[in-house]
Amino acid sequence: VAVKSGDPGFTYTLMTNDPVKGEVLMKSEPTRKKNYVFRDVKPGKYFVRIEDATGNQAGKTVLVNEN
């Protein structure tokens, strides 16, 4: 996951593929890094949400394929 803009203190959240009622599967601690890697994710569709230090949020559905 990569961030292009926002105020550092990013929190990255991997969820089931529903941005409103999705279950949180993994969540990072706040970090200044504009890149984050979720490890050991099984193939499937997920929703990734990113929140910056000011509370601004962005998200996108992503597809994880098998290697």
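The analysis underlying the following values was restricted to heavy atoms, covering all of them including side chains, and did not include hydrogens, waters or symmetry mates. Please read these numbers as outputs of a predicted model, since none were measured by experiment.
- Taking Glu23 as the reference, Thr16, Leu25 meet the side chain to side chain contact (heavy atoms under 4.5 Å, CB included) condition, with sequence neighbours excluded.
- Hydrophobic clustering keeps Val64 apart from Phe47 (ILVMFWY residues linked when any side-chain heavy atoms are closer than 4.5 Å, directly or through intermediates).
- Residues Glu66 and Pro43 share a closest heavy-atom pair of CG-CG, 3.2 Å.
- Val20 forms part of no hydrophobic cluster, judged by ILVMFWY side-chain heavy-atom separations under 4.5 Å.
- Residues Val3 and Asn35 fail the side-chain proximity criterion, which asks for heavy atoms closer than 4.5 Å.
- The side chain to side chain donor-acceptor pair (under 3.5 Å) test applied to Asp18 returns no partner, not counting sequence neighbours.
- Counting only residues at least two apart or in different chains, side-chain hydrogen bond (donor to acceptor under 3.5 Å, both in side chains) contacts with residues 53-62 comprise Asn17-Thr61, Glu51-Gln57, Asp52-Thr54, Thr54-Asn56.
- Here the NZ atom belonging to Lys4 is positioned 11.0 Å from the NZ atom belonging to Lys34, to the nearest 0.5 angstrom.
- Legend: ring pair (Phe, Tyr, Trp, His ring centres under 6.0 Å) pairs involving residues 9-43, not counting sequence neighbours, sorted by first then second residue: Tyr12-Tyr36, Tyr36-Phe38.
- By the 4.5 Å heavy-atom criterion applied to side chains, Thr11 and Thr13 are counted as neighbours.
- Closest approach of Ala53 and Pro8 over heavy atoms only: CB-O, 3.0 Å.
- Note on residues 40-50: no pairs pass side-chain hydrogen bond (donor to acceptor under 3.5 Å, both in side chains), not counting sequence neighbours.
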